[in-house]
Amino acid sequence: MTNILLQDIYIQVAIPVPMRQLFTYLVPNALLNDKSLVGERVIVPFGHRQVIGIVISVDDDTPLEKDKLKAIISRIDSDTHLPAPLLKLLTLAARYYHHPIGDVFQQALPVLLRKTEPPKKPVCHYWQFNESCEPTKIKTFKQGRAKKQIQLLRLIENHHKLTWPEIRTLGYTKAQLKSLEEKQFISALEKPIEVYHWQTKYLNESDKLNLSAEQAVIVSAIDQSTEQYSCHLVDGVTGSGKTEVYLQAMEKVLANNQQVLVLVPEIGLTPQTLNRFEQRFNVPIFLHHSGLNDKERFDTWQSALQNCAAIVIGTRSAVFSPLPKLGLIIVDEEHDGSFKQQDSFRYHGRDIAILRAKQLNIPIVLGSATPSFESLQNALTNKYHYHQLTKRAGKSVEAKISLIDVANQPLEFGLSKPLKQLINTTLNRGEQVLVFLNRRGFAPAINCNECHWVADCHRCNKPYTLHRSQGLLICHHCTSQKRIPQQCPDCGSVRIKPVGQGTEQIEEYLTETFSQYSTVRIDRDSTRKKGELAKRLQAITDKEHQILIGTQMLAKGHHFPDVTLVAMLDIDGALFSFDYRASEHMAQLLVQVAGRAGRASKPGKVIVQTQYPQHPLLQDLVNNGYRHFAQQSLTERKMAYLPPFGYQALFRAEANYPSYPEKFLRQLAQTPISSCEIAGPMPAAMEKKAGKYRFHLILQAKSRPELHTAIRQMIAQSQQNEWLNKVRWTIDIDPIDLSW
DNA sequence: AGCACGCCGACT
DNA sequence: GTCGGCGTGCTC
C-alpha cells in the first residue's frame, strides 16, 4: 500500500453495516476513468473482509487522517449505476428515518446487486396459445382429467400470453406448463427486453370508460400539473371508479414517454391490477413484490433502470425502483398499514413516494375509500388537492351499517340469535354471507376448567392459539409450536377447553349449522399455499360457496357482488385500546369490509356485534360515516398534540435480560434535549416477545425539526451509554403500532 | 452485521 | 493439555 500511486480523490461509501455513518476510501489512479464514481458499486476492504459498497460522493479532501485510509479494491463497472435522484432519495430517507445508510441501500436494492457478478440482461419468457394445433385435439383434452392443466390452458388462451412469474403467482407449476408445451397446445417464447418508446397504438381506446363529472375534474387537475409536484388525495368509496381515474391520469404521462410507478398494499392485489392495466395499455408493465425470486426482482429493477419498463406495479419496496423517466406515482389504498415496514428500516412507502414526487417535481395520486387521518388532515389544510368521489358506478348504494347489542344475550360460538336468523334468511334468498373475524385459528387460548391454568408461550408470556386442524398450539407472536396437552400441568385435570373463537371454529360451527350450504374460509392459514387465495376467490365468484369466513384478508381489494350480509363479530377491542390509532384502524376495517358487499340490484347490509352499542365512537361511525368520524378524531388528536399535530419517534430496545433495555433507555432519556417531551422508558405492551425483553421510549415534539434535532442529540449521546453493547435498539420515526 | 481476539469449562 | 463456548470491541 504505497501512497505514491494515489491521487487525492476521496470517496464516501455506504457499507452494509448497522452504523450511522459513511466510510472514506482512496481511489487509485489506475481505477479512475471518465465515468463518474457517484452511484457506482465498489469492492472495498472493511476490517478483515471485503464488502460491496456504494459510492455516495467524491471529495478532493478529507478531515480524516489520510495515511489511515484504505484504497478501494475495484469498481464494479456495469450498467447498474444508480441514477443520481435515487441516490439522493435514499440518502434523504436514511437521514429522515435516522437509519444506518448502508442498510438503507442494501434494503432498497435487489439482492443480486450484493454479488460481484451481475446477472445477464433480462429476457422476457412467456407462453402463448398455439393457434396451429388441432381444435379436436384440444377439445378432447379439455374433457380429460388433467384439471389443473385444463385450467391453465384456458388462462393462457384468455390472456393471449402469460409470463412465468404470473403463472406461478396464479398457483401453477413448471411441470404443468411443460406438459402443455409437450402436447404442443402452447409454445414458449422469449424476447429481449427493449428500451420502451412511445407508440401510437399504446392505448386501447375500446377499453376506455366515459368519465363522470367528478372523475373528469380529478383527471384534468392531475393533467394540469404534470411538470410540477402536486399531491392528489382521491377519496372515493369502493366502486366509485378510482382505477379509471388512475388509468386516465397515466395516459398523458405514458404518451409523454414517461414512466409510471404504482404502489399497492399486497401481492394479492397485483395480478388483478396488472390485468386491468394490460387491457388498457399496450406498454411493458413489470411487477415488483415479495412473490418474485431474486432473479425476477432484478429483472424488474434492471428493466426499470434501462427504461424498458413503462409501468412498475409493486408493493412497498417498489418505491425504490430506479425509474429515470418517472412522471407519475400512484399509491392505491394509501391508508393501508402494510406500506409501513415494521422491522429494521421502518420506512413508510407512501411517505417516501411523496418525498420522491417532490424531489422530481411530478404529481402523485393517493387513493382510498378510507384515507388515513394524516392524509385527510393534509387535504383539509390544502397541502394536498382533495378530491371526493361520492357516486358509485351504476346505481349501487353503500351498505348500511347496524349494531347488534350482545351485552345481555347468550352467544353461541360468538354468534347472537338475531344474527343467526339474518344469516339464515339471507342464505334462503340464495345470497352470500360474509362473516368477519380478525382472529385466525380455532380459539385464542385454552385453559383448565378446574384450576384456571392457561397455556402460555414462555417466550412471550401470551396465550397460545389453538389450531385444532393441525393439532397444535401456535404462538402468534413468535410462531413457536407446542403439542396440545391432554392434562393440566398444574392440577392434572383433563378438563382442558378452548376459550373464545377463531375463524377455524366459526367455520366448523357454520358448516354444521347451515349444512345445506357450502362454507369457505379465507385467512393466512387456509391460503398459505401458492395460488390458493386466487382459487378460493374464484370459487366464491363462481358461487360455489354461500358462506364466507375470514380475517382482514377479506377486506382487501376483492369485491363480492352477491354478498348481501356482512357480519362483524368482534371489534370491541379497538374501542378501549390505549393505542390512539386503534379506532382509526377499526373504522377503516369496518368501512372496507362493508365495501366488499352488494351491488345495485342487491344492496348489502352490515351487522356489527358489540357489547357497547352506545359507545360514542361506534355511534359516530354508524350515524355520520367515516369522514365525520375522522374529523372528530382529528379534533381530539389536535387537543392532545397527537399525530398528525405532533411528531413522534419511538426508541425500542431489547435484550435477553429484562433490566438492560430499561437501563439503556433510562440513560438515553437523560440526554439534555430541548423542546421535546419524553415518555418512558416503559415496558412494551408485549414486554416479552420471542424470549427477549422489550422497552420503549417515546419522544414527542411540536415540529419535525425539533424532533430530528433531539434524535440526533440522543444518538450522539448513545455512544457513551454504558448499556449500549448489551441491547439491540432501533428508532421508529412516525411509529404506527406502539404495541410492539 | 461479521469477524477476530480472548478467557474459562469438558473432552480426547 | 486444547477445542470451542460466546462476551467484547472494531471496522474508513
Side-chain angles (χ1 to χ4, degrees), chain A residues 1-3 5-32 37-76 87 90-91 93-95 97-116 294 341-347 652-661 663-664 667 690-693 715-732:
Chain A
M1 277 231 299
T2 55
N3 286 352
L5 292 171
L6 303 175
Q7 190 176 312
D8 279 358
I9 285 214
Y10 305 94
I11 55 171
Q12 303 260 73
V13 182
I15 305 283
V17 287
M19 299 167 78
R20 291 177 177 79
Q21 65 175 108
L22 293 168
F23 291 84
T24 309
Y25 286 88
L26 294 157
V27 185
N29 261 333
L31 291 181
L32 290 170
L37 272 150
V38 177
E40 203 170 278
R41 293 182 300 147
V42 287
I43 301 180
V44 297
F46 190 72
H48 299 270
R49 63 208 163 105
Q50 292 183 0
V51 295
I52 295 178
I54 287 146
V55 182
I56 303 300
S57 65
V58 179
D59 305 302
D60 45 21
D61 200 10
T62 173
L64 298 171
E65 279 183 66
K66 289 170 181 141
D67 51 352
K68 292 219 173 117
L69 298 183
K70 292 180 182 172
I72 65 167
I73 291 164
S74 61
R75 299 168 65 168
I76 309 175
L87 199 83
L90 293 173
T91 312
R95 200 178 311 155
Y97 287 100
H98 297 272
H99 191 79
I101 189 162
D103 199 41
V104 169
F105 275 81
Q106 186 161 39
Q107 294 210 38
L109 302 181
V111 237
L112 284 189
L113 288 183
R114 301 263 106 231
K115 301 206 170 74
T116 354
D294 292 350
Q341 179 142 75
Q342 289 291 23
D343 59 309
S344 61
F345 175 27
R346 306 175 100 101
Y347 65 95
R652 299 164 203 267
E654 62 173 31
N656 290 322
Y657 300 98
S659 63
Y660 292 163
K663 284 175 169 157
F664 170 78
Q667 214 174 89
K692 301 242 194 260
Y693 295 86
I715 289 172
Q717 197 62 228
S718 74
Q719 296 306 311
Q720 271 88 261
N721 195 306
E722 57 181 302
W723 308 98
L724 179 65
N725 294 322
K726 305 218 183 326
V727 300
R728 293 172 56 106
W729 69 286
T730 54
I731 301 172
D732 189 348

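Here is the naming used below: chain letters follow the sequence lines, and residue numbers restart at 1 for every chain. Note that these values count all heavy atoms, side chains included, but never hydrogens, waters or copies made by symmetry.
Rounded to whole Å, atom P of dA1(B) lies 13 Å from atom CH2 of Trp729(A). One interatomic measurement links the two molecules: CG of Asp343(A) to P of dA1(B), which rounds to 12 Å at whole-angstrom precision. Taking atom CD of residue Gln106(A) and atom C1' of nucleotide dG2(B), one finds them 12 Å apart after rounding to whole Å. At whole-Å resolution of the value, CG in Leu724(A) and P in dA1(B) are 12 Å apart. Distance CZ (Arg49(A)) to C1' (dC12(C)): 13 Å, rounded to an integer number of Å. The CD1-C1' distance, from Ile43(A) to dC12(C), rounds to 17 Å in whole Å. Summarising the geometry, the separation between CZ on Arg114(A) and P on dG2(B) is reported as 10 Å, rounded to the nearest angstrom. Taking atom CG of Asp67(A) as the reference point, atom P of dC12(C) lies 14 Å away to the nearest angstrom.
When side chains are defined from C-beta on, Val44(A) does not count as touching Lys70(A), because their heavy atoms never get closer than 4.5 Å.
Counting heavy atoms of neighbouring residues, nucleotides and ligands inside a 6.0 Å radius, atom CG of Asp61(A) exceeds 12 of them.
Although no hydrogens or angles enter the test, the distance criterion places no donor-acceptor pair under 3.5 Å between the side chain of Tyr10(A) and the main chain of Leu64(A). With hydrogens and angles disregarded, a donor-acceptor distance shorter than 3.5 Å links the side chain of Arg41(A) to the backbone of Lys115(A). With hydrogens and angles ignored, the 3.5 Å screen pairs no side-chain donor or acceptor of Arg728(A) with any backbone N or O of Ala655(A).
Using bins of under 30°, 30° to 60° and over 60° for the plane-to-plane angle, the ring pair Phe345(A)/Tyr347(A) lands in the tilted bin.
Near-neighbour residues of DNA chain C inside residues 11-22 of chain A, defined by a heavy atom below 4.0 Å, number-ordered: Met19(A), Gln21(A).
Using a 3.5 Å distance cut-off with no hydrogens or angles, the side chains of Asp103(A) and Gln107(A) do pair a donor with an acceptor.
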| task | Quick one: do Ile9(A) and Leu32(A) satisfy side chain to side chain contact (heavy atoms under 4.5 Å, CB included)? Show the steps, please. | result | CA-CA 9 Å; Ile9(A) 285 214; Leu32(A) 290 170; 4.1 Å; yes

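At dC12(C), none of the side-chain N or O atoms of Lys68(A) fall inside 4.0 Å of OP1 or OP2 (strictly under the cut-off).
Scanning for side chain to side chain donor-acceptor pair (under 3.5 Å) contacts around Asn656(A) gives Lys692(A), with sequence neighbours left out. Every residue two or more places apart in sequence or in another chain was checked for a salt bridge (Lys or Arg N to Asp or Glu O under 4.0 Å) with Arg20(A), and none qualifies.
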Under 3.5 Å, N/O pairs linking protein and nucleotides 4-9 of chain B:
none

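Residue pairs meeting the ring pair (Phe, Tyr, Trp, His ring centres under 6.0 Å) criterion with at least one partner in residues 42-63 of chain A, sequence neighbours excluded, are Phe23(A)-Phe46(A).
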| query | Once each nucleotide of nucleotides 5-10 of chain C is scored for protein heavy atoms under 4.0 Å, what B/S/- sequence comes out, 5' to 3'? | reply | ---SS-

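When heavy atoms are screened at a 4.0 angstrom cut-off, Tyr25(A) is found touching the sugar-phosphate backbone but no base atom.
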